[in-house]
Amino acid sequence: QVQLVESGGGSVHAGSSLTLSCATSGFILDYYAMCWFRQAPEKEREAVSCIGGGDGDTYYADSVKSRFTMSRDSAKRTVALQMTSLKPEDTAVYYCAARFERDYGIPHEWQYSTWGQGTQVTVSA
């Protein structure tokens, strides 16, 4: 069964760092695209960072470029999101999602078929 489980969220002050992890099972991680999405209160879910299968082309939202880094460890079947210089605007529930295509798409949430339960990230001023 395909499963995604996020961990690593927490409450931190602005300027701090957190690393989120997504444990995967039920598919060969290296073949397919993965994304981190986030959803803040009263806001729509948005793609934060994605990585494609194979060569692993990456996508970063403008709001997180140079601060967040996405990576994949195929041997451990995990995907990570390293977040630095966190801002209050980064406060959201962060979700790991899989798309069973090589490329990461637009990216938009409707393109992603399998989701984790989410992990809360809260950044205070």
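Index from 1, following the sequence.
Under the 6.0 Å distance and 45° angle rule, Arg45 does not count as a cation-pi partner of Trp110.
Here the side chain of Asp73 pairs a donor or acceptor atom with the backbone of Ala75 at under 3.5 angstrom. Put simply, the side chain of Glu101 never gets that close to the backbone of Gly105: no donor and acceptor are under 3.5 Å apart. Using a distance-only test at 3.5 Å, with no hydrogens or angles considered, no donor-acceptor pair links the side chain of Gln3 to the main chain of Thr24. Between the Ser49 side chain and the Tyr59 main chain, a donor and an acceptor come within less than 3.5 Å of each other. A donor-acceptor contact shorter than 3.5 Å is absent between the side chain of Glu6 and the backbone of Ser21.
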Before you tell me yes or no, could you show the steps for Gln111 and Ile106 under side-chain contact (heavy atoms from CB on, under 4.5 Å), namely the whole-Å CA-CA distance, both residues' side-chain angles and the distance that decides it to 0.1 Å? CA-CA 8 Å; Gln111 298 181 304; Ile106 299 175; 3.6 Å; yes

Checking side-chain contact (heavy atoms from CB on, under 4.5 Å) for the pair Val64/Arg38: CA distance, chi angles, key distance, verdict? CA-CA 12 Å; Val64 307; Arg38 68 184 181 188; 3.9 Å; yes

Val12 vs Leu18, test: side-chain contact (heavy atoms from CB on, under 4.5 Å). Steps then yes/no. CA-CA 8 Å; Val12 298; Leu18 282 173; 4.0 Å; yes

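Separation of the Tyr95 and Tyr112 ring centroids does not fall under the 6.0 Å cut-off. Annotation: Phe68 is not in aromatic contact with Trp36 [ring centroid separation under 6.0 Å not met]. Checked against the 6.0 Å centroid threshold, Phe27 and Phe100 count as a close aromatic pair.
Shortest non-hydrogen contact noted between Arg72 and Gly54 is NH2-O, 3.6 Å. Here the closest non-hydrogen pair linking Thr19 and Gln82 is OG1-CG, 3.8 Å. Of all heavy-atom pairs spanning Val5 and Gln117, the tightest one is CA-OE1, 3.6 Å. Gly52 and Tyr104 get closest at one heavy-atom pair: N-CD2, 4.0 Å. Considering every non-hydrogen atom in both Thr119 and Gly8, the closest pair reads OG1-N, 4.2 Å. The heavy-atom pair separating Ala14 from Ala125 by the smallest distance is CB-CA, 4.4 Å.
Rounding to the nearest 0.5 Å places CG of Leu86 at 6.5 Å from CZ of Arg67. The OG atom of Ser16 sits 14.0 Å away from the NZ atom of Lys87 when rounded to the nearest 0.5 Å. In this structure, Asp55 CG and Asp30 CG are separated by 9.5 Å, a value rounded to the nearest 0.5 Å. Of the inter-residue distances, the one linking Tyr31 atom OH with Ser74 atom OG reads 10.0 Å to the nearest 0.5 angstrom. Rounded to the nearest 0.5 Å, atoms SG (Cys22) and CG (Leu81) are 10.5 Å apart.
A salt bridge links Asp62 to Lys65: at least one charged side-chain nitrogen sits closer than 4.0 Å to a carboxylate oxygen.
Here the side chains of Val121 and Leu20 are in contact, with some heavy-atom distance below 4.5 Å. A heavy-atom distance below 4.5 Å is found between the side chains of Gln120 and Thr91.
Linking ILVMFWY side-chain heavy atoms closer than 4.5 Å, directly or via other members, places Phe37 and Tyr32 in two distinct hydrophobic clusters. Cluster annotation: Trp115 is connected to Val93 through the hydrophobic network of ILVMFWY side chains, with a link wherever side-chain heavy atoms come within less than 4.5 Å.
Not a single salt bridge (charged side-chain N to carboxylate O under 4.0 Å, His left out) links Arg77 to another residue, sequence neighbours left out.
For the side chain to side chain contact (heavy atoms under 4.5 Å, CB included) criterion with Met70, the lone passing option out of Val48, Thr58, Val79 is Val79.
The SG atoms of Cys35 and Cys96 are placed at least 2.5 angstrom from each other.
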